[in-house]
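First comes the structure, then the notes that go with it.
Per chain, numbering begins at 1; letters A, B, ... match sequence-line order. The analysis underlying the following values was restricted to heavy atoms, covering all of them including side chains, and did not include hydrogens, waters or symmetry mates. Because the structure is predicted, anything quoted here is derived from the model rather than measured.
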2 protein chains.
Amino acid sequence: MSMDAVFRALADPARRQLLDSLHAQNGQTLRQLCEGHSMTRQAVTKHLAILEEANLISTEKSGREKHHYLNPVPIQHIADRWIGKYERAPLRALSSLKRTLEGNEQ
Amino acid sequence: MSMDAVFRALADPARRQLLDSLHAQNGQTLRQLCEGHSMTRQAVTKHLAILEEANLISTEKSGREKHHYLNPVPIQHIADRWIGKYERAPLRALSSLKRTLEGNEQ
DNA sequence: GCTATTTGCAACCTTTTGGTTGCCTATTGC
DNA sequence: GCAATAGGCAACCAAAAGGTTGCAAATAGC
């Protein structure tokens, strides 16, 4: 579960929208996920493959249908391991912004 | 501050590394940020421009030098507004995983 | 003033990405 | 068995992304 794959998967708005759709209704089939998107089924398939490779969704085949399930674990992983790093930084950023606004530079 | 710009900015490992570098030492100049990277200064400039457009860094010119400061606010914004959405989802994902592992389907 | 240093800008190139079309396979339901 | 439905796979294409080289501009230091 490479973090890079997760970040790249989240970079595309269409893929985030697919996650949103699964968040609203989990276990949707490919056809269902295609509804409300202006792209072809094949394009959606590619997006879903990228999401699955990033472990953001898992799939389950049942007959001729394929169901898709959201897996939020990698997202939480990112929130915990990466985003958490920057939570204590705003103080410094703010003080540098203050310096900027006060015109102490130049 | 479009969320899309933030996600796209975070998608590239070189840019995340630049943020890491600023997190370790805030206020670095372009030259300083180039050290430890195998790409040219101009490539780093482009990455920094993308980070600045996503409001992930702010810059401050002082003489001929340009200092860069980390701005963690958009990252927190993402963590709060988007990642938070998926925090209560694992139960359903887990139950679907359970179904998969139990072999209830094909 | 002159030189070195730091950054900015533009053109260009290559690879990746997002999307399409076309066709094939596998189920379902009658 | 056969038509309809759901999905898989490959080739192809255009646009965007990531990087380079080359040169110009501005500032610092002597």
Between [X] and [N], is there a side-chain N or O to OP1/OP2 distance below 4.0 Å?
| X | N | result |
| --- | --- | --- |
| Arg31(A) | dT5(D) | no |
| Arg8(A) | dT17(C) | yes |
| Lys46(B) | dC9(C) | no |

How long is the line joining [atom1] of [X] and [atom2] of [N], in whole Å?
| X | N | atom1 | atom2 | answer |
| --- | --- | --- | --- | --- |
| Lys66(B) | dA26(D) | NZ | P | 15 Å |
| Leu48(A) | dG7(D) | CG | P | 10 Å |
| Gln28(A) | dG7(D) | CD | P | 11 Å |
| Asp12(A) | dT17(C) | CG | P | 11 Å |
| Lys61(A) | dT25(C) | NZ | C1' | 10 Å |
| Leu10(B) | dG18(D) | CG | C1' | 17 Å |
| Leu33(A) | dG7(D) | CG | C1' | 13 Å |
| Glu65(A) | dA4(D) | CD | C1' | 14 Å |

Please tell me which of the listed nucleotides, dT21(C), dT20(D), dG7(D), lies nearest to the side chain of Thr40(A)? dT21(C)
Among the candidates dG7(D), dG19(C), dT7(C), find the nucleotide nearest to the side-chain atoms of Thr29(A).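 Within the option list, the nearest is dG7(D).
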No-hydrogen, no-angle side-chain donor-acceptor test under 3.5 Å, Asn71(B) and Tyr86(A): no
Side chains of Glu52(A) and Ser58(A): do they bring a donor and an acceptor to under 3.5 Å? no
Please state whether the base of dG19(C) and the side chain of Arg41(A) form at least one donor-acceptor pair under 3.5 Å?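 Counting by modelled atom types and ignoring angles, no donor-acceptor contact under 3.5 Å is found here.
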Hey, does the side-chain of Arg64(B) have a donor or acceptor N/O within less than 3.5 Å of a partner on the base of dT5(C)? yes
Between Gln42(B) and His47(B), just flag the one whose closest nucleotide in DNA chain D comes earlier from the 5' side. His47(B)
For the backbone of Pro74(B) and the side chain of Asn55(B), can you confirm whether one donor and one acceptor N or O come within less than 3.5 Å of each other? no
Under the side-chain hydrogen bond (donor to acceptor under 3.5 Å, both in side chains) rule, collect the residues that match up with Glu65(A), sequence neighbours excluded. none
With nearest nucleotide decided by heavy atoms, which residue, Met39(A) or Thr45(B), maps closer to the 5′ end of DNA chain C? Thr45(B)
Arg16(B) bridged to Asp4(A) by N-O distance under 4.0 Å: yes
